[in-house]
Amino acid sequence: MNIPKSHPRFVSLSIREKIVKGYNDGLVAKEGLLAHGRGEAFDYLVGEKTTKTAKAAIKAAATKLLSAQNPVISVNGNVAALCPKEIVQLAEATKANIEVNLFYYDEARKKKIEKSLKKAGAKQVLVDSPRCIVDKDGIFVADVVLVPLEDGDRTEALKKMGKTVIAFDLNPLSRTAQKADITIVDNVTRGMRLLVSACKKSKPTKTNFNNRRALSSAVSEIKNNLRRRGSLA
Ligand code: ATP
Ligand code: MG
């Protein structure tokens with residue numbers, strides 16, 4: 001589709017085109033298209049820009065990833081379709097492993113995602129297996145796991161395994177957002193780039209990030225955005 005740059009929804013529609021291409025290329029699941037739609041709706045409410053709260057979460061996430069012993073980046077079809085290059089750059093900047101983890105398990109799709117990440121420059125890509133759920137050298141032994149776009153049940157399972165979880169989720173009310181240790185309420189297409197540059201600049205120091213407080217300020221930012229647009233008294 002040819003979208004004129006002047007279109008008010010240009011950026012959002014271009015991201016949508018990436019997801020559709022990912023679906024046509026066999027990377028994205030049908031359910032992934034719907035999950036993206038939910039993300040689009042929340043991005044609209046957030047104002048389609050990286051907020052102050054998101055920037056603070058990105059900073060905290062960078063120091064957490066840099067101080068990890070065994071950081072792992074968990075990738076699904078949507079992430080592979082939206083920001084494969086940034087995933088590779090982030091893995092390099094933080095010495096993290098990349099692991100493909102699919103909620104809707106499909107061997108062929110997994111292979112395609114693995115291939116696309118390698119094409120984007122990944123040297124090594126770990127894969128989960130239907131029996132083990134996670135790769136024994138990847139998430140299983142990881143201390144910090146970055147889940148850009150994850151389902152709530154899986155985030156909860158990671159927490160039960162004792163992992164520190166960093167998530168991207170545009171919905172501050174989702175279970176993933178609520179369960180993660182650091183939630184970046186931003187579109188992965190914007191935030192991942194910022195996370196890569198934060199990791200290149202930051203040092204592995206301690207953070208005293210409070211996710212509850214951050215999520216509540218993300219909700220306030222949505223309210224303020226609606227107020228500014230005259231949709232809320
Ligand atoms: P949960 O399972 O955590 O309670 P959910 O069931 O509402 O959440 P899922 O369909 O499991 O949601 O996952 C999609 C989530 O990812 C949604 O919260 C959506 O806002 C978010 N999301 C989708 N696309 C993006 C994106 N590009 N960037 C950031 N977040 C996104
Ligand atoms: Mg869910």
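Sequential numbering from 1 along the given sequence is applied to the chain's residues. Start at 1 and go down the list; that is how both ligands and their atoms are numbered.
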Identify the heavy atoms of [X] and [Y] that sit nearest to each other, and give their distance.
X: I184; Y: A61; answer: CD1-CB, 3.9 Å
X: E221; Y: T51; answer: OE1-OG1, 2.9 Å
X: R109; Y: D106; answer: N-OD1, 3.1 Å

Check your understanding: Do we see a donor-acceptor contact under 3.5 Å between the side chains of S217 and T53?
Key ->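 T53 and S217 do have a side-chain donor-acceptor pair below 3.5 Å.
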
Exercise for review: Classify the side-chain pair T50/D186 by whether it contains a donor and acceptor separated by less than 3.5 Å.
Suggested key: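 Yes, because at least one side-chain N or O of T50 sits under 3.5 Å from a partner of the opposite role on D186.
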
Review point. Which N, O or S atom name in D151 marks its closest approach to the Mg ion (ligand 2)?
Key: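 Restricting D151 to its N, O and S atoms, the minimum distance to the Mg ion (ligand 2) goes to OD1.
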
Check each atom of ligand 1 against the heavy atoms of [X] and keep those under 4.0 Å away; list them by number with element.
X: N171; value: 18 (O), 20 (O)
X: L149; value: 22 (N), 25 (C), 26 (C), 28 (N), 29 (C), 30 (N), 31 (C)
X: T176; value: 3 (O)
X: L82; value: 27 (N)
X: D186; value: 28 (N), 29 (C)

If you measure every N/O of [X] against every N/O of ligand 1, is any gap under 3.5 Å?
X: D153; result: no
X: F168; result: no
X: V188; result: yes

Can you tell me which residue and heavy atom of the protein come closest to [atom], and the distance to 0.1 Å?
atom: atom 7 (O) of ligand 1; result: R38 CZ, 3.3 Å
atom: atom 1 (P) of ligand 1; result: G152 N, 3.5 Å
atom: atom 8 (O) of ligand 1; result: S174 CB, 3.7 Å
atom: atom 18 (O) of ligand 1; result: D169 OD1, 2.8 Å
atom: atom 23 (C) of ligand 1; result: A35 O, 3.2 Å
atom: atom 11 (O) of ligand 1; result: D151 OD1, 3.4 Å
atom: atom 24 (N) of ligand 1; result: G39 CA, 3.8 Å

Point to revise | Which segment of N78 sits under 4.0 Å of ligand 1 when only heavy atoms are counted | key: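 Under 4.0 Å from ligand 1, N78 contributes no heavy atoms.
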
Review point. When you look at NZ of K159, are more than 12 heavy atoms from neighbouring residues, nucleotides or ligands closer to it than 6.0 Å?
Key: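 Above 12, so yes.
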
Check your understanding: How about F209: does its CZ atom have over 12 heavy atoms from other parts shown lying under 6.0 Å from it?
Key ->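 Yes, because the 6.0 Å sphere around CZ of F209 holds more than 12 heavy atoms from other groups.
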
Practice item. Give a yes or no on whether V11 and L194 share a hydrophobic cluster (residues Ile, Leu, Val, Met, Phe, Trp, Tyr; joining criterion: side-chain heavy atoms under 4.5 Å apart). Key: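 In one cluster with V11: L194, yes.
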
Practice item. Check if D43 has a non-hydrogen atom at a distance under 4.0 Å from any atom of ligand 1. Key: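 Contact absent.
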
Exercise for review: May I ask you to decide whether D181 forms a salt bridge with K163, counting only side-chain N to carboxylate O separations under 4.0 Å?
Suggested key: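 No.
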
Practice item. State the CG-OG distance between L146 and S74, to the nearest 0.5 angstrom. Key: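 L146 CG to S74 OG: 8.0 Å, rounded to 0.5 Å.
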
